[in-house]
Amino acid sequence: MNPSKSFYYTVDHTMVDEYKKMLDLMKIPYSLEAPVALLKDGADQYSFVFPNMPARLYAMVSKLFKGDGKPYPQ
């Protein structure tokens, strides 16, 4: 398991800049993964990937994305 990739949220490409601004302002670590262009389903969906983090920080992220993140595939 990659410790720097614990959970993720998938968002539409139109929302990427808004989430990036908020996460950067809150100084929350993340990486952004672009969709696989060959796939028709989800071709405009980006993933915000997060490392393991303290519960307090996770609560801030889950509030921003309005729900719990999905476990990152191993």
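Sequence positions, counted from 1, serve as the residue numbers for this chain.
Two residues are said to be in side-chain contact when any heavy atoms from C-beta on lie closer than 4.5 Å; Val11 and Gln45 fail this criterion. You'll find the side chain of Met53 stays beyond 4.5 Å of the side chain of Met60, heavy atoms only. A heavy-atom distance below 4.5 Å is found between the side chains of Phe7 and Val61.
Pairing each heavy atom of Pro51 with each of Ser6, the nearest pair is C-CB, 3.6 Å. For the residue pair Phe48 and Val16, the shortest heavy atom distance occurs at CZ-O, 3.6 Å.
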Check against side chain to side chain contact (heavy atoms under 4.5 Å, CB included), Tyr8 and Ser47: CA-CA 6 Å; Tyr8 71 100; Ser47 296; 4.0 Å; yes

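Of the inter-residue distances, the one linking Thr10 atom OG1 with Glu33 atom CD reads 9.5 Å to the nearest 0.5 angstrom.
A search for side-chain contact (heavy atoms from CB on, under 4.5 Å) contacts involving Ser62 returns Tyr9, Tyr58, Asp68, not counting sequence neighbours.
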Return all side-chain donor-acceptor pairs below 3.5 angstrom for residues 17-27, not counting sequence neighbours, or 'none' if the list is empty.
unit_1 : atom_1 : unit_2 : atom_2 : d
Asp24  : OD1    : Tyr30  : OH     : 3.1

